[in-house]
Amino acid sequence: MALATPSNPAQYPIMMDKVSLLTASTVELGISGNPRSDIIRLLGPAVEAVLHFQSILSSVSLFVCLRVWFVASIACANILYASKIMALNALVATKFGAFHGATITSKAVAGVWNSRRIQALRKKLFYEFAVFILGGGNILFIILFWPGWWVLGGGIWGFWMLLS
């Protein structure tokens, strides 16, 4: 198979540029492939020192993290224990205060209930209630507290439910 040649000789350099793209490069690399070069020789100890420092730092940080975790777990356990003790003390103090508060209040109420002014007021209220019941108030109490209201109310409610 023959290559096609252009009929115009002015197109030969264009063809040569295309061919030159397919050939191997003759440019030298700036970095030496020699393992004994200056850059690798100088970077070797620096990389070794960095790796050694990183291993020391990782062991120290692991040690510190484990210590912090241990101290934090002990602190949390102690805080839980102290909060339980404080809650128990608060419960005991509240019960003690409520018991003595109720005792003092009942003694105060008994003292007020048995005072002369309250006894006179109780006698006056009982007299007024008796007069009201024996007078015209008896009819009012009979109308309000008549047991038949339950029967009438139940019947009206049942009729209403039947219609709805």
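Note that the coordinates shown come from a computational prediction; the quantities given were computed from them, not determined experimentally. When a residue number appears, it is its place in the shown sequence, counting from 1.
Cluster membership for L140 and V131, using ILVMFWY side-chain heavy atoms within less than 4.5 angstrom, is not shared. If you chain together hydrophobic residues whose side chains sit under 4.5 Å apart, F145 and F132 fall into the same group. F129 and L144 fall within the same hydrophobic cluster, where Ile, Leu, Val, Met, Phe, Trp and Tyr residues are linked whenever their side-chain heavy atoms come under 4.5 Å apart, directly or through other members.
Atom CH2 of residue W113 and atom CZ of residue R122 lie 4.5 Å apart, to the nearest 0.5 angstrom. Rounding to the nearest 0.5 Å gives a distance of 12.0 Å between CD1 of I79 and CD1 of I74. To the nearest 0.5 Å, the span separating CD1 on I133 from CD1 on I139 amounts to 11.0 Å. Rounded to the nearest 0.5 angstrom, S83 OG and L88 CG are separated by 11.5 Å.
Closest approach of I118 and V112 over heavy atoms only: CG1-O, 3.2 Å.
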As a quick check of understanding, evaluate side-chain contact (heavy atoms from CB on, under 4.5 Å) for F99 and T103, giving each step before the final call. CA-CA 6 Å; F99 175 74; T103 304; 4.0 Å; yes
Would you please test K95 and L91 for side-chain contact (heavy atoms from CB on, under 4.5 Å) and show each step? CA-CA 6 Å; K95 281 187 174 182; L91 176 70; 4.2 Å; yes
Validation: residues 52-62 side-chain donor-acceptor distances under 3.5 Å, sequence neighbours left out:
| residue | atom | partner | partner atom | Å |
| --- | --- | --- | --- | --- |
| S55 | OG | H52 | O | 2.7 |
| S58 | OG | Q54 | O | 3.4 |
| S58 | OG | S55 | O | 2.8 |
| S59 | OG | S55 | O | 3.4 |
| S59 | OG | I56 | O | 2.8 |
| S61 | OG | L57 | O | 3.1 |
| S61 | OG | S58 | O | 3.0 |

Review item, side-chain donor-acceptor pairs of residues 148-164, under 3.5 Å, at least two apart:
| residue | atom | partner | partner atom | Å |
| --- | --- | --- | --- | --- |
| W149 | NE1 | I143 | O | 2.4 |
| S164 | OG | W160 | O | 2.8 |

